[in-house]
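Data block below; observations after.
Heavy atoms only: backbone and side chains are in, while hydrogens, waters and symmetry mates are out. Chain letters run A, B, ... following the sequence lines, proteins first, then strands; residues in each count from 1.
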Amino acid sequence: MVESKHQWKAWLYLSPAIILLLVFTVWPIINTVAMAFQNNYTAGLGTAKGVKIAYEIGVENFVNVLQYENFGQILKNTMLLCVATVPISTVLALLIAVALNSIRPLQKFLQTIFFLPYVTNSIAIGMVFAAMFNIIGLREGNTVADTWGIINNAIMLFGGKPINWINQGSTYWANMVVMIVYIVWNALPFKILVLLGGLQSINKQYYEAARVDGTSRRRILTRITVPLLSPMIAYVVITGFIGGFKEYSSIVGIFGDTMGPKSEPGRLNTMVGFIYDSLNAGTIGAQGKASAAALLLFGIILVVTMINLQVSKKRVHY
Amino acid sequence: MKVVLQNLTKIFPSRDKKAGGEVVAVNDFTFEIPDGKLIGLLGPSGCGKSTTLYMISGLQKPTSGKIFFGDDDVTELATENRGIGLVFQNYALYPHMTVKQNIMFPLENLKGADKMSKDQMLERAYEAAKLVQIDELMDRKPSELSGGQQQRVAIARALVKMPRVLLLDEPLSNLDARLRLQTREEIRRIQKETGITTVFVTHDQEEAMSISDMIVVMKLGVLQQIGKPQDVYDDPVNLFVAKFLGTPPINVLEGEIKGGKICIGGAAVLDAPGVADQEVFIGIRPEGFELDENSALECKLSNVEVMGRDVSIVSTHENSLNPVIRSIIDADNKVDVTAQTVRYNIKPHKLFVFNKETEERIYF
């Protein structure tokens with residue numbers, strides 16, 4: 001315990017961080033809650049005339065959000081992306097981390113390669129993915145493409161039919177597959193890094209003990225590696241879900257701000273996309289609606305994270 | 001199952017390839033471990049004793065040489081097919097499994113004809129647990145056990161497969177002094193009850209001497225001496241072995257052989273007929289001293305420690321390599337603690353003479 005006469009020093013050292021947090025995190029959170037519960041709250045409205053408008057307190061913003069015609073679609077997109085990408089990326093990251101951990105030569109080099117997506121701009125990655133899945137040269141109104149992206153070229157190489165992944169007339173599920181591949185690929189490096197770190201901190205003697213007992217590779221993975229890694233796995237799953245619910249830039253990266261193929265704008269919109277659109281709409285009550293949507297998203301993430309923690313209590317060892 | 005090591009050598013390549021200089025951890029070992037005996041591999045750290053153990057286990061491959069279990073050459077055999085049980089220095093119990101799951105784990109790995117039913121496994125696990133007296137703790141996690149209990153679980157896990165050879169790496173080093181005494185008796189008891197050939201590694205000579213049927217003394221990868229603990233203690237082949245065994249340690253003095261007599265600083269202490277005149281190291285066990293006022297060997301008396309049964313006399317001599325000469329004599333002897341000097345007679349079989357260059361024993 002610090003003596004009280006020295007406490008002001010502690011506060012002094014903490015103050016830069018505390019002030020920044022208060023101004024840029026705590027106050028906006030309080031403000032969001034306040035805006036969400038003022039019916040049709042609109043930023044700037046009235047202040048220009050020097051008149052302060054007294055908004056009614058109520059839940060109209062929430063009603064507006066829930067009654068928005070595409071809200072169901074938005075929720076479905078967000079959930080689907082989460083539920084599909086988190087398990088796939090976690091399992092893939094685990095397998096890659098185990099493989100990386102078991103090789104000696106080139107380990108550092110490959111580690112760097114696998115980490116590259118993490119430091120690459122997600123919009124840039126999105127543009128590359130869009131090019132890969134694209135039907136380049138398909139003009140407005142054309143039905144036959146002159147050039148295909150690398151994915152369709154690969155499909156045709158193996159005798160398959162090219163698929164319209166992301167262009168006009170593409171199906172929802174084709175769009176989704178592209179999004180899932182992209183998000184999984186983008187999520188891998190961080191997960192691999194965390195899991196590899198966890199793997200390297202596992203005492204080698206557990207593996208030697210398992211070897212002496214003639215444990216098969218598969219059993220070593222399921223009975224020793226995964227349980228010993230479970231705290232890290234829980235961590236990447238929980239942060240993965242939180243990240244998944246906030247998915248937005250990946251869709252912009254591939255489809256641009258139409259959030260879907262040109263013919264179907266908004267088809268792949270997500271919660272964050274919806275919040276962003278609401279804010280930008282500039283209509284009456286835009287900020288109130290955005291705040292309400294943000295609170296709803298917060299609620300969803302809170303519930304899912306609580307479920308995650310509850311499950312991990314049973315599954316995570318120590 | 002007897003274990004035979006034949007010209008066993010392990011060379012670790014240098015980490016820094018440019019600097020060169022590989023490390024010979026184990027150098028040309030040849031010895032036989034008789035069936036059903038408890039063997040202590042003994043030496044200071046870095047002597048290659050753990051490496052030897054890991055080569056017997058199969059976790060490390062020898063650079064050259066052969067290992068036989070009975071008449072089978074197991075040198076190329078994978079560790080899981082050797083039928084060994086290994087207890088690691090820090091036990092390596094799986095922290096997420098209960099004691100029961102830990103002990104059953106090796107059995108669950110069995111395949112084909114050896115495959116067991118759940119009931120059989122449980123029975124075997126309880127058998128092993130009873131042997132090490134932890135059958136009350138089967139549902140605990142390793143973190144809920146004391147060091148000694150964890151040690152027992154590790155032994156039970158190693159024994160449950162009924163190995164041909166049991167290997168223990170520094171089994172007592174993580175236990176406190178009291179538990180160490182208790183556990184080493186326990187290891188002895190378990191070994192006797194099961195009759196499994198057991199090899200254990202230790203740097204503690206007292207530990208090795210107290211429970212082993214045979215000890216193998218090693219230094220810098222080279223085998224020094226192998227034999228029954230008492231034989232090695234009474235008849236060390238070189239200065240290193242003499243110094244390594246015994247508490248309190250042997251007293252070493254510079255001396256010479258002159259005209260068939262062993263002299264320390266001019267005082268002739270014993271006859272050594274037929275040995276050429278030369279400078280030598282002389283080792284005298286603490287219990288090899290007798291008080292004798294008429295003897296030639298005179299030491300300066302520092303102090304006398306009374307231990308009840310014995311008296312330990314601490315004295316100094318200018319030829320001593322140790323800071324003090326410590327002798328242990330029977331408490332019946334009355335020592336004049338006010339005296340300036342003390343004179344000793346030396347028991348012949350407690351004195352060893354070593355060549356000054358090679359430090360090899362000179363027999364006489």
Side-chain angles (χ1 to χ4, degrees), chain A residues 90-91 94 97-98 101-109 194-238 308-318, chain B residues 50 53-54 56-61 77-98 101-112 114-115 121 141-144 150 153-170 174:
Chain A
T90 306
V91 171
L94 180 68
V98 169
N101 194 37
S102 64
I103 56 167
R104 284 274 141 244
L106 294 179
Q107 191 192 40
K108 286 270 174 280
F109 173 72
V194 171
L195 296 178
L196 192 60
L199 280 174
Q200 282 168 349
S201 68
I202 295 178
N203 192 336
K204 296 270 174 300
Q205 290 211 322
Y206 295 131
Y207 294 107
E208 291 187 337
R211 248 178 78 198
V212 170
D213 294 335
T215 319
S216 64
R217 279 167 155 268
R218 206 193 138 118
R219 249 171 78 80
I220 287 177
L221 180 69
T222 55
R223 292 291 306 274
I224 296 171
T225 303
V226 169
L228 289 177
L229 212 54
S230 55
M232 276 75 184
I233 294 175
Y235 173 73
V236 297
V237 167
I238 290 170
N308 270 330
L309 286 175
Q310 211 54 41
V311 172
S312 62
K313 234 185 230 170
K314 282 188 194 127
R315 295 258 165 233
V316 172
H317 303 282
Y318 14 46
Chain B
S50 287
L53 191 84
Y54 283 118
I56 298 175
S57 79
L59 285 174
Q60 281 181 2
K61 264 189 171 298
L77 205 60
T79 175
E80 63 265 27
N81 298 326
R82 291 191 183 190
I84 54 139
L86 179 57
V87 176
F88 290 87
Q89 186 169 0
N90 57 3
Y91 319 138
L93 296 175
Y94 307 120
H96 55 286
M97 297 184 199
T98 62
Q101 288 168 328
N102 261 293
I103 299 176
M104 279 167 65
F105 193 78
L107 299 179
E108 289 166 4
N109 289 327
L110 295 175
K111 278 184 267 226
D114 300 327
K115 210 171 160 74
M121 283 192 238
K141 290 267 178 76
S143 57
E144 298 161 342
Q150 288 182 29
V153 177
I155 294 176
R157 186 177 66 181
L159 285 175
V160 75
K161 275 192 316 182
M162 304 193 173
R164 302 195 283 178
V165 180
L166 180 63
L167 306 169
L168 305 136
D169 187 11
E170 300 266 3
N174 286 353

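The two atoms that bring L228(A) and P95(B) nearest to each other are CD2-CG, 3.3 Å, heavy atoms only. Taking each heavy atom of P106(B) and D213(A) in turn, the nearest pair found is CG-OD2, 3.4 Å. Of all heavy-atom pairs spanning Q89(B) and Q205(A), the tightest one is N-OE1, 4.4 Å. When every heavy atom of E80(B) is checked against every heavy atom of G214(A), the shortest pair comes out as CB-CA, 3.2 Å. Nearest heavy-atom pair, P227(A) versus H96(B), reported as atom, atom and distance to 0.1 Å: CB-CD2, 3.3 Å.
How far NZ of K111(B) is from OG of S216(A): 5.5 Å, rounded to the nearest 0.5 Å.
Ranking Y91(B), Y54(B), Y94(B) against chain A, the residue ahead of the rest is Y94(B), based on heavy-atom pairs under 4.5 Å.
The side-chain heavy atoms of F105(B) and I224(A), taken from C-beta on, include a pair separated by under 4.5 Å. Proximity of N203(A) to N90(B): side-chain heavy atoms (C-beta onward) are separated by under 4.5 Å at one or more points.
Heavy-atom neighbours of Y235(A) OH from other residues, nucleotides or ligands within 6.0 Å: at or below the threshold of 12. Summarising the local packing, NZ of K313(A) is surrounded by 12 or fewer heavy atoms from other residues, nucleotides or ligands at distances under 6.0 Å.
Contacts between L93(B) and chain A at a heavy-atom distance below 4.5 Å involve the backbone alone (N, CA, C, O).
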